[in-house]
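Reviewing the structure listed below.
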Amino acid sequence: MSKYMLIMRGADETNAAMMASIDEAMAATGRFIEDMMKAGVLVAAEGLDDPGQGVVVDFAGEAPVVTDGPYGETRELFGGYFLLDVATKQEAVEWAKRVPAVRGSKIEVRRVAEADEVPQGGENDGRI
């Protein structure tokens with residue numbers, strides 16, 4: 001089994017559409033989470049706060065610069081995720097196709113690297 005992250009991506013327009021029917025969206029998401037739990041594939045699921053409440057730490061210069069969020073472009077914001085433990089990428093894609101998302105949003109499917117796939121040791125500049 002491999003872990004896959006279903007990353008919810010939206011824009012200002014899709015976020016507004018979701019908020020316009022938030023009760024319906026939350027109920028549909030609750031049913032989707034229940035389906036994943038029953039199937040035994042759900043590891044975690046989290047939504048993120050309003051991007052305007054976050055900060056951005058920019059490492060472009062010599063010292064990190066912190067600015068109020070969100071990123072300069074809000075065309076596609078990371079809104080939350082579902083973390084699944086499934087047998088194949090195709091199975092993760094099938095779950096992603098079932099996410100109760102509003103028209104215009106996107107779900108990015110990414111495999112989570114295993115511990116033995118992450119380089120160990122070596123020189124770096126302090127960044128991950």
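Quantities reported herein were computed from a predicted structural model and do not represent experimental measurements.
Note that CZ of Arg9 is 4.5 Å distant from CD of Glu108, once rounded to the nearest 0.5 Å. Expressed to the nearest 0.5 Å, how far CZ of Arg31 lies from CZ of Arg98 amounts to 12.0 Å. Between atom CG of residue Leu42 and atom CD of residue Glu34 there is a gap of 11.5 Å, rounded to the nearest 0.5 Å. Taking CG of Leu83 as the start and CD1 of Ile7 as the end, the distance is 10.0 Å to the nearest 0.5 Å. To the nearest 0.5 Å, atoms CE (Met26) and CD1 (Ile33) are separated by 7.5 Å. The structure places OG1 of Thr14 at 12.5 Å from CZ of Arg103, a figure rounded to the nearest 0.5 Å.
Using a 4.0 Å cut-off between charged nitrogen and carboxylate oxygen, Glu94 and Lys97 count as a salt-bridge pair. With salt bridges taken as basic N to acidic carboxylate O contacts below 4.0 Å, none links Glu91 and Lys89.
No side-chain heavy atom of Tyr4 sits under 4.5 Å from any side-chain heavy atom of Arg110.
Both Met37 and Leu6 belong to a common hydrophobic cluster when Ile, Leu, Val, Met, Phe, Trp and Tyr are linked at side-chain heavy-atom distances under 4.5 angstrom. Cluster membership for Val43 and Leu48, using ILVMFWY side-chain heavy atoms within less than 4.5 angstrom, is shared. Leu84 and Met1 fall into different hydrophobic clusters, where Ile, Leu, Val, Met, Phe, Trp and Tyr are joined by side-chain heavy atoms under 4.5 Å apart, directly or via other members.
Heavy-atom minimum distance, Met8 versus Ile107: CG-CD1, 3.8 Å. Closest heavy-atom contact between Trp95 and Asp35: CH2-O, 3.7 Å. In this structure, Ala92 and Val109 approach most closely via the heavy-atom pair CB-CG1, 3.9 Å. When all heavy atoms of Ser2 and Asp85 are compared, the pair lying nearest together is O-OD1, 3.3 Å.
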In residues 111-118, what donor-acceptor pairs under 3.5 Å come from side-chain atoms, sequence neighbours left out?
from, atom 1, to, atom 2, distance (Å)
Arg111, NH1, Glu117, OE1, 3.1
Arg111, NH2, Glu117, OE1, 3.4
Arg111, NH2, Glu117, OE2, 2.8
Glu117, OE1, Glu114, N, 2.6

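Phe32 and Phe82 have their aromatic ring centers within a separation under 6.0 angstrom.
Checking side-chain atoms of Ser105 against main-chain N and O of Ala101 turns up no donor-acceptor pair under 3.5 Å.
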